[in-house]
Structures are given as C-alpha cells and as structure tokens.
Amino acid sequence: MLITTPTTSIKSLAARALCVALGASLACSLAFGAKDPNKTYKSLKSSQSSFTKNFASGSVVSGSTYGNTSKNAARRWYIFNEASVGGSYTTLGRANYIAVDVGYHAYLRTIQSTILGLDFLIGAELNFPIYLQANGSSNLIANKPLETRETAQAVQGWGIELPAMIGFEKNGFYLVGLAGYAWEFMTDTYTKSGAGAHPTIKTTYDGLIYGAGFGYKVRNVINLGFRWTMGNMTNRRDSTEISSELSGQVITTTTGRDIYDISYMKFMGFVSVVF
C-alpha cells in the first residue's frame with residue numbers, strides 16, 4: 001500500500017501551479033506579442049500632435065493593402081495632398097521676374113521603408129506663378145528694355161507649371177526629381193516717350209521643364225520646400241497681341257516664325273499644408 005505524505009502532496013501541488021503559471025505566461029506572450037497590423041498606420045497618425053492634427057485630419061486619404069481585403073490590414077502606401085504658397089525668381093530669356101506662387105501637390109508615399117530605410121515618393125505638382133515685378137530686356141524686340149518704374153505694381157503675367165516628381169524621403173527630409181511642361185502668359189510693357197499709355201505686348205511661352213527639389217515635412221502637416229527648374233521655351237507668334245506702334249519692331253512679325261530656345265530658369269521656395 002502506497003502512503004502519500006504531506007511533503008509529497010505539497011511538491012505535487014507546486015509542480016501543477018508552476019505548469020499553470022508557465023502556460024498563462026505563454027498565452028499572454030502570444031496574445032500581446034503578436035504584430036499589430038495597424039502598427040505603421042497608428043505610428044504615422046500618432047506623430048501628429050493633438051494641436052496640429054486639427055489642421056491635417058485628412059492627410060491620409062487612401063492606401064493599398066496589397067490584396068488583403070481586411071479593414072484592419074496594414075496599408076503600405078498613402079496618397080497625400082498639399083496646398084502651397086511661396087515666392088519665386090524666374091529668368092526668361094533676357095527678362096527676369098519675381099512672382100508669388102500658389103499650387104497643389106498630390107503624391108503617393110510608402111510607409112514601409114524600401115532601400116536604406118528610405119520611403120518612396122511619386123506624384124505631380126501644379127503651380128500657378130503670378131508675376132508681380134519684371135526687369136531686363138525684351139525677348140521680342142532687339143535691344144529694347146522693359147518699362148519697370150510705372151508698372152511696378154501691375155501684374156506682369158501668370159503661368160501654369162505641371163511637373164511630375166519622383167524621389168525619396170527619410171525622417172521628414174526628402175529629395176525629388178522633376179520633369180514636366182510649363183506655359184507662361186506674359187505682358188511686356190515698353191516706355192512711351194510722349195503722352196499716353198505705354199505700349200504693351202501680350203505673348204505666350206511654353207516648353208519642357210526639368211529640375212529638382214528638396215525640403216522637410218514637419219509631422220506630416222507642414223512642408224517646407226525648395227524647387228529649381230530649367231528648360232527652353234518657345235514664344236508663340238500666333239498667340240501674341242501687339243500694340244500698333246510696336247508691330248513693325250517685333251521679331252515674330254518680321255520673320256513670320258516662332259522664337260525657339262528661349263532659356264528658362266526658376267528658383268522657388270514655398271510652404272504647404274498637408275490635408
């Protein structure tokens with residue numbers, strides 16, 4: 001007959017308690033150690049402070065789940081939208097301009113790092129420069145300076161610039177390459193020696209542009225950026241309106257052809273809000 005002592009019973013109970021504790025610990029580890037599929041999304045959104053989040057509640061518009069239809073699946077890229085305002089300095093042939101620029105940017109950005117921990121960017125920018133000040137000489141009349149003193153407060157023209165962009169971002173800092181097309185609608189004013197209004201030429205330039213940009217995004221809410229673009233523009237004869245007293249001096253009138261290879265370069269700084 002087997003006799004069970006109190007010591008044996010205590011050891012048995014202790015062994016069972018240890019097994020139960022180990023099992024509970026393992027279950028908790030599995031439950032709380034599993035990867036949260038929304039971890040990346042939550043990390044991105046939590047980076048916005050309670051104050052700045054009010055200005056960018058819709059900064060993440062959409063995302064890809066790469067075939068996973070679950071609403072809780074982690075997204076791997078997002079669409080960002082930005083509204084921007086800034087200033088620029090542009091040289092167009094022999095003339096140069098200072099402008100205020102407003103724009104809209106839309107791009108995709110991965111939130112799972114690719115090569116070297118960089119996030120991939122691809123999208124497009126739409127900018128509208130409003131030229132407020134002009135200097136230099138005419139591209140349409142040889143050796144003819146622009147009138148600048150009495151037109152200093154007038155709008156000298158405006159433009160549409162549509163470059164595509166591709167680049168990388170890391171820790172808020174980004175670098176992009178740009179390539180696209182631009183249209184510039186300019187009004188050149190020339191000095192009239194006698195009485196009366198100064199004569200003008202309304203004309204259009206267009207051409208391919210390319211360049212680069214860099215900047216820093218603050219908490220995915222504010223984007224501080226710089227852009228540099230260049231290219232060669234064509235002045236369109238058919239879209240030029242000339243004051244009668246200048247008609248005999250304009251190059252496109254005397255040659256009957258457009259003017260090609262007009263150099264273009266632009267430097268722009270801006271601030272944008274992500275929404």
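Everything numeric in this text was worked out from a predicted model, so none of it was measured.
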Can you sort out the partners of Lys170 under side chain to side chain contact (heavy atoms under 4.5 Å, CB included), two or more places apart, ordered by chain and number?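 Only Leu118 meet the side chain to side chain contact (heavy atoms under 4.5 Å, CB included) criterion with Lys170.
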
If you look at every heavy atom in [X] and [Y], which pair is closest and at what distance?
{"X": "Gly207", "Y": "Met233", "answer": "N-SD, 3.3 Å"}
{"X": "Ser263", "Y": "Asn232", "answer": "CA-OD1, 3.9 Å"}
{"X": "Tyr131", "Y": "Ala99", "answer": "CD2-CB, 3.6 Å"}
{"X": "Pro129", "Y": "Asp101", "answer": "CB-OD2, 3.3 Å"}
{"X": "Thr110", "Y": "Phe120", "answer": "OG1-N, 2.9 Å"}

Evaluate ring-ring contact (aromatic ring centres under 6.0 Å, His included) for Phe267 paired with Tyr89, printing each intermediate quantity in order. CA-CA 5 Å; Phe267 302 93; Tyr89 175 81; 7.1 Å; no

Name the orientation class of the two ring planes belonging to His105 and Phe270 (parallel below 30°, tilted from 30 to 60°, perpendicular beyond 60°).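 His105 vs Phe270 ring planes: perpendicular.
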
Examine the side chains of [X] and [Y] and answer whether a donor and an acceptor come within less than 3.5 Å of each other.
{"X": "Asp188", "Y": "Ser138", "answer": "no"}
{"X": "Tyr104", "Y": "Asn81", "answer": "yes"}
{"X": "Tyr97", "Y": "Glu184", "answer": "no"}

For Tyr205, which residues count as a ring-ring contact (aromatic ring centres under 6.0 Å, His included) partner, sequence neighbours excluded?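 So Tyr205 forms no ring-ring contact (aromatic ring centres under 6.0 Å, His included) with any residue.
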
May I ask you to say whether Glu161 pairs ionically with Lys266, meaning some side-chain N is under 4.0 Å from a carboxylate O?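 Counted as a salt bridge, because a side-chain N and a carboxylate O are separated by less than 4.0 Å.
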
Determine whether [X] and [Y] fall in the same hydrophobic cluster, where Ile, Leu, Val, Met, Phe, Trp and Tyr are linked whenever their side-chain heavy atoms lie under 4.5 Å apart.
{"X": "Met268", "Y": "Tyr210", "value": "no"}
{"X": "Met186", "Y": "Ile262", "value": "yes"}
{"X": "Phe214", "Y": "Phe168", "value": "no"}

Residues 173-181 side chain polar contacts: donor-acceptor under 3.5 Å, at least two apart:
unit_1 : atom_1 : unit_2 : atom_2 : d
Tyr174 : OH     : Asn223 : OD1    : 2.9
Tyr174 : OH     : Asn223 : ND2    : 3.3
Tyr174 : OH     : Arg227 : NH1    : 3.4
Tyr181 : OH     : Asp206 : OD1    : 2.5

Heavy-atom check, side chain of Lys192 versus side chain of Pro199, under 4.5 Å: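 With C-beta onward as the side chain, the pair touches.
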
Could you check Thr252, Thr204, Asp258, Thr203 and say which one makes a side-chain hydrogen bond (donor to acceptor under 3.5 Å, both in side chains) with Arg236?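 The side-chain hydrogen bond (donor to acceptor under 3.5 Å, both in side chains) with Arg236 is passed solely by Asp258 among Thr252, Thr204, Asp258, Thr203.
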
